[in-house]
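One structure is given below, encoded as structure tokens.
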Number of protein chains: 2
Amino acid sequence: MQNDCRLCPMKTKATTMLSDCSLDQLSNNHLELKLKKGDSIIKEGTYSTNVIFLRTGLAKIHLAGPYNEQIVKIVKAPTYLGLPTTFGSKINQYSVTAITEAEVCYIDLQVFLSILDENKEFTHEIIQEFCKNELESFHRCANRTQKLIRGNMADALLDFSDKIFKSDSFILPLSQTEFANLVDTSRESVSRVLSEFDKDGIIRLNGRKIEILNKKSLIMISQNG
Amino acid sequence: MQNDCRLCPMKTKATTMLSDCSLDQLSNNHLELKLKKGDSIIKEGTYSTNVIFLRTGLAKIHLAGPYNEQIVKIVKAPTYLGLPTTFGSKINQYSVTAITEAEVCYIDLQVFLSILDENKEFTHEIIQEFCKNELESFHRCANRTQKLIRGNMADALLDFSDKIFKSDSFILPLSQTEFANLVDTSRESVSRVLSEFDKDGIIRLNGRKIEILNKKSLIMISQNG
DNA sequence: AATATTTTGTGATTTGCATCACATTGCATA
DNA sequence: TATGCAATGTGATGCAAATCACAAAATATT
């Protein structure tokens, strides 16, 4: 299915500035798909020559660790996915899977590159994105390994609240097992800590629905490790 | 001190292709320094509008974690440093410190950007570098948190051997405390595991000099966690 | 609606490693 | 060459969290 990219409501700052020519090129060289929760967007180990634009929805980036499936991070539309593999070995080094309903555009790598070459704003935007990701990965590296479980869980909840949903109340788009693989702990610990937070009145827990009642406490817990 | 970048022996593929004009611009807008072990290259929390080119030597990228100084990774010349902070907040989010003698060039951000804009090859090289780093950070994320200490130490030793020194025999450019902060463990555990590896004939340890005697064993240990 | 399957809750036990404590060695500076 | 401080080696102890083992809910499937 092809759409007119000129009509796409999800354009970023830079893509808004693309020339009609570039936009036409995009329109004619991309495949747009609607996905449902659980659908695979990128699969580790497979061949790929596409860059993927996540138009709407949430996805998890994950890969096989030595013992468990590791969830590296949760990403939110709009964002580009798969540049590392497309630029590098062409074999995907990680998987991306929708964790909500989502819409994605598969963009041919050559088309993507030619647009990149033509458009400085777009290039800067992509580089900025990489820079942001690199900083995030540094901080994650320092925090995840040094903090205790309660601290990491608090961080994750604050992330969902502040960055993903921008609301104190949300439905966790992950099972406890997945949550554990994101936060580097065991499924049982996730269950226990969530119950504790609920018992202490820090969150209200109802199935996968979470309401943050006391953000200050969560921040405290995050800082104490 | 200013040097003629046209004579720089450490140019990468892309910088070799820069126009004389760009190279002159570089030559006139950079500061070259010789550093000794322990000298700071980038300091967390300080203001910066430079990109840094590490011409020769090794450096550690590190930042303050909630409890310890966390070493994120060891980098080797030639490489660019400081792009994330320069592109983003202008306040350095992490430190970089020489761990051997090193030579660095401080390049004004605006000059760096104008060269980036002028030169597609160079842009691609930078983006590729980011992609490689992102993949590395994903793998680190999955491995460091899932493996046991012996596995992580084995990984680190293999990294030094294969990627940094390209030799089975090298002098660790880190104290055990630093090594611990790189490998996410305690100083005492580093000491113990290194002794174990020595006792088992996997490495020969002599002060900070390490000789890898049995790489196969190290790989085994790495895989067993 | 009935059955199977996945997800979640929670106690009991085990364990890898941090922490503590101190001895020893190496290295720098007077 | 002596003196001081930083880096290392190694045992004893404590603890956070993994693992094990089920029960109970919740979802999916027929």
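Within every chain, numbering begins at 1; the chains are lettered A, B, ... in the order of the sequence lines, protein sequences first and strands thereafter. Because the structure is predicted, anything quoted here is derived from the model rather than measured. FYI, side chains are in, hydrogens and waters are out, and symmetry mates aren't considered; it's all heavy atoms of this structure.
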Practice item. Check each of A:R144, A:R140, A:K147 against A:D155 using the side-chain hydrogen bond (donor to acceptor under 3.5 Å, both in side chains) test, and report the only one that passes. Key: A:K147
**Study point:** Spacing of A:K37 atom NZ relative to C:dT7 atom P, expressed in whole Å
**Key:** 10 Å
**Study point:** B:L174 CG - D:dA7 P separation (whole Å)
**Key:** 12 Å
Review point. Of A:Y106, A:F53, A:F87, which is the lone residue that meets ring-ring contact (aromatic ring centres under 6.0 Å, His included) with A:Y80?
Key: A:F53
Revision key, fill the gap. When rounded to whole Å, the CZ to C1' distance for the pair A:R187 and D:dA17 reads 14 Å
Study note, to complete from the structure: Side-chain atoms of B:L148 come closest, of C:dC17, C:dT10, D:dT8, to C:dC17
Exercise for review: Quickly work out the A:N181 CG to D:dA17 P distance and round it to whole Å.
Suggested key: 17 Å
Review point. Can you tell me if A:D39 uses its side chain to pair, donor with acceptor, with the backbone of A:K36 under 3.5 Å?
Key: yes
Review point. What integer distance in Å separates B:E188:CD from D:dG14:C1'?
Key: 14 Å
Practice item. Determine whether any donor atom in the side chain of B:R192 lies under 3.5 Å from an acceptor atom in the base of C:dT19, or the reverse, and answer yes or no. Key: yes
Check your understanding: Of A:D184 and B:Q176, whose nearest nucleotide on DNA chain D comes first from the 5' end?
Key -> B:Q176
Revision key, fill the gap. B:R208 CZ to D:dT8 C1', in whole Å, measures 10 Å
**Study point:** Rounded distance in Å - CG (A:L205) to C1' (D:dA26)
**Key:** 14 Å
Review point. B:S189 side chain N/O closer than 4.0 Å to the phosphate oxygens (OP1, OP2) of C:dG16?
Key: no
Check your understanding: OP1, OP2 of D:dA7 versus side-chain N and O of B:T177: anything below 4.0 Å?
Key -> no
Point to revise | For atom CG of A:N206 and atom P of D:dA25, their distance in whole Å | key: 15 Å
Check your understanding: At under 4.0 Å, does any side-chain N or O of A:S175 touch on OP1 or OP2 of C:dT6?
Key -> no
Practice item. Would you please say whether a donor-acceptor pair under 3.5 Å links the side chains of B:S137 and A:E134? Key: no
Review point. For D:dT10, does either OP1 or OP2 sit under 4.0 Å from a side-chain N or O belonging to B:S191?
Key: no
Check your understanding: Any donor-acceptor pair under 3.5 Å linking the side chain of A:Q146 with the backbone of B:Y67?
Key -> yes
